[in-house]
Amino acid sequence: MSTSTQTLPDVDTRDQTSDDTPKMFHYVQKNKIAESAVMGTVVVALCGEVFPVTRSPKPGSPVCPECKRIFDTLDPGKDS
């Protein structure tokens, strides 16, 4: 029985993480962020976007304009 060895073509190993970087960040319930980041559960943003938390915003990160508009209308004394 004879065996032969083949060489695979070059594989692209570039870092793909830049492709899944959020274009903007959303407002979500604070108490759901850690759970989503650890467990992979999804959160619902004020604008209705549903997603798992995978990144933390840095100062100056773009914010969803619809989330910001809704947040600005909320009563600052309520945790909802």
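Treat the numbers as computed from the prediction; the structure is a model and nothing was measured.
Side-chain contact between Glu49 and Cys67: absent, with no pair of heavy atoms (C-beta onward) separated by less than 4.5 Å. The side-chain heavy atoms of Val43 and Phe51, taken from C-beta on, include a pair separated by under 4.5 Å.
Taking every heavy atom of both residues into account, Thr41 and Ser36 meet most closely at O-OG, 2.5 Å. Considering all non-hydrogen atoms of both residues, His26 and Met24 come closest at CD2-O, 4.0 Å.
Shown here are the side-chain contact (heavy atoms from CB on, under 4.5 Å) partners of Val38, two or more places apart in sequence or in another chain: there are none.
Atom SG in Cys47 sits 11.5 Å away from atom OH in Tyr27 (nearest 0.5 Å).
In terms of hydrophobic clustering, with Ile, Leu, Val, Met, Phe, Trp and Tyr side chains grouped at heavy-atom distances under 4.5 Å, Val28 and Val44 are assigned to different clusters.
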